Amino acid sequence: DTLPEHFCDVWQWVKSRHEREFLFSCAAYLFLLGCSRIFITDTTGDAGLDLMGIHEKGPFKGLCFLVQAKTAQNEVSKETLFSDYTKFLLLRHTVKWHEYQKAAGIDKAADGIGLVYIFASNLEFSPAIMEAAKTLPIVLRSGRHLAYTLSLRADLKKWLAARDHLGTL
C-alpha cells in the first residue's frame, strides 16, 4: 500500500499536538470510525478517560469507544499504560462512570453496549508498550496510525479548518 498524498503533513501536525489540542485528532478519528456522538470527558479526575464515541446506527450500533489520549515529548512509558488502564477499570465501579453512561445515553441501551478501550498517543509506542498491550483488552493508536486514518479522508488544510470551526476544546 502507498501512503495517502497528505500523510506526512497530517502526521507532523498530529505529532506536534499536545494536551487538549491532541483531543481533536482523537475525536476526528472517532468520527471517521463512524461514531455519531462524541463526548470529551477530559477533566480533573476523569479517571483515565478523555473521550467517548458512540456508534448509534448500522452493524456497529452499540459500540462505545473509550479513549485515553496521551501526549508526550518522548515515548509514553509502559507504567503509564498500566496506570491509565487500571484507572479505567476502577472507574467502572464509581459514580462518575454512571454519570458518563447517563450523559452518553448508554445506560438506556436496550440491546447492550460493547466497550472498546483505545490508548492513543501523539507519538509512536515503544516495543515494551506494544508487548504489554497484547496482554490487555485495549487498542493502541499511535500518532502515525491516527494521521494515516485522517489523511485518507482529508488534507491538513481541511483538518485545520475543521479544528478552527470547533473553537476551544
Side-chain angles (χ1 to χ4, degrees), residues 1-42 46 48-85 88 104 113-169:
D1 287 347
T2 60
L3 291 174
E5 179 182 356
H6 304 286
F7 169 75
C8 291
D9 293 336
V10 175
W11 189 18
Q12 289 303 317
W13 176 66
V14 169
K15 286 195 308 187
S16 69
R17 301 299 86 198
H18 293 287
E19 306 298 330
R20 292 187 65 84
E21 279 300 311
F22 180 59
L23 294 179
F24 176 78
S25 301
C26 295
Y29 180 74
L30 291 175
F31 173 77
L32 293 177
L33 287 179
C35 294
S36 53
R37 291 188 301 138
I38 299 168
F39 301 88
I40 295 176
T41 59
D42 177 45
D46 65 23
L49 191 60
D50 294 321
L51 294 141
M52 294 175 68
I54 317 285
H55 260 277
E56 295 182 296
K57 297 179 180 163
F60 294 115
K61 179 183 177 196
L63 275 185
C64 178
F65 294 92
L66 308 167
V67 179
Q68 174 61 38
K70 282 293 177 195
T71 59
Q73 300 292 340
N74 300 310
E75 67 181 36
V76 177
S77 71
K78 183 171 68 170
E79 291 74 24
T80 299
L81 171 69
F82 286 134
S83 172
D84 285 339
Y85 185 67
F88 165 68
I113 290 290
L115 303 177
V116 178
Y117 186 81
I118 299 173
F119 189 83
S121 173
N122 62 324
L123 301 178
E124 293 300 300
F125 292 111
S126 69
I129 283 190
M130 292 188 292
E131 193 60 34
K134 291 177 185 177
T135 65
L136 301 170
I138 66 170
V139 177
L140 293 178
R141 286 297 176 251
S142 67
R144 180 181 43 82
H145 186 102
L146 295 173
Y148 179 81
T149 304
L150 268 59
S151 64
L152 287 172
R153 183 70 175 260
D155 63 19
L156 179 57
K157 186 176 178 180
K158 289 180 182 169
W159 285 118
L160 289 174
R163 172 64 195 97
D164 289 344
H165 179 75
L166 281 179
T168 304
L169 292 179

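All residue numbers in this chain count up from 1 along the given sequence. The structure presented is a predicted model; accordingly, all values stated were derived computationally and were not measured.
- Rounding to the nearest 0.5 angstrom, the gap separating the OG atom in S25 from the CH2 atom in W11 is 14.0 Å.
- A search for side-chain contact (heavy atoms from CB on, under 4.5 Å) contacts involving Q12 returns K15, not counting sequence neighbours.
- The environment of F31 atom CZ is sparse: at most 12 non-hydrogen atoms of other residues, nucleotides or ligands sit within 6.0 angstrom.
- What you find for T71 and H18 is that their closest heavy atoms are CG2-CA, 3.7 Å.
- Distance alone, capped at 3.5 Å, is enough to place a donor-acceptor pair between the R37 side chain and the A104 backbone.
- Minimum interatomic distance between D155 and V10 (heavy atoms only, all atoms of both residues): C-CG2, 4.3 Å.
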Donor-acceptor list for residues 147-154 side chains, cut-off 3.5 Å, not counting sequence neighbours:
residue : atom : partner : partner atom : Å
T149    : OG1  : H145    : O            : 3.1
S151    : OG   : A147    : O            : 2.9
S151    : OG   : Y148    : O            : 3.0

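- D9 meets the side-chain contact (heavy atoms from CB on, under 4.5 Å) test with L156; sequence neighbours excluded.
- Between the OH atom of Y29 and the CG atom of L51 there is a distance of 13.0 Å, given to the nearest 0.5 Å.
- The minimum heavy-atom distance between R141 and I118, with the atom names listed, is CG-CG2, 3.7 Å.
- With sequence neighbours left out, the side chain to side chain donor-acceptor pair (under 3.5 Å) criterion links K57 to no other residue.
- Shown here are the side chain to side chain donor-acceptor pair (under 3.5 Å) partners of E131, two or more places apart in sequence or in another chain: K134.
- Between the side chain of N122 and the backbone N or O of A72, at least one donor-acceptor pair lies under 3.5 Å.
- Applying the ring pair (Phe, Tyr, Trp, His ring centres under 6.0 Å) rule to W159 yields no partners; only residues at least two apart in sequence or on another chain are considered.
- Among residues two or more places apart in sequence or in another chain, the side chain to side chain donor-acceptor pair (under 3.5 Å) test is passed with S36 by E56.
- Under the ring pair (Phe, Tyr, Trp, His ring centres under 6.0 Å) criterion, F60 pairs with H55, sequence neighbours left out.
- The list of salt bridge (charged side-chain N to carboxylate O under 4.0 Å, His left out) pairs with a residue in residues 113-128, not counting sequence neighbours, reads E124-R144.
- How far OG of S16 is from CZ of F22: 11.0 Å, rounded to the nearest 0.5 Å.
- Qualifying side-chain contact (heavy atoms from CB on, under 4.5 Å) partners for S77, counting only residues two or more places apart in sequence or in other chains: E79, T80.
- The CG atom of L49 sits 4.0 Å away from atom OG1 of T41, with the distance rounded to the nearest 0.5 Å.
- Residues I38 and A27 share a closest heavy-atom pair of CD1-O, 3.4 Å.
- With sequence neighbours excluded, the residues that form a side-chain contact (heavy atoms from CB on, under 4.5 Å) with S121 are V76, L123, F125.
- Under the side chain to side chain donor-acceptor pair (under 3.5 Å) criterion, K70 pairs with D84, not counting sequence neighbours.
- Note that SG of C26 is 12.5 Å distant from CZ of R17, once rounded to the nearest 0.5 Å.
- In plain terms, the two heavy atoms of A132 and L81 that are nearest each other are CB-CD2, 4.1 Å.
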- Message: Test side-chain contact (heavy atoms from CB on, under 4.5 Å) on F88 and I138; report intermediate values, then the result.
- Response: CA-CA 11 Å; F88 165 68; I138 66 170; over 6 Å; no
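- Separating the CZ atom in F82 from the CD1 atom in I129 is a distance of 9.0 Å, to the nearest 0.5 Å.
- Here the closest non-hydrogen pair linking A120 and L146 is CB-CD1, 4.4 Å.
- Aromatic rings from Y85 and Y117 are positioned such that their centres are separated by under 6.0 Å.
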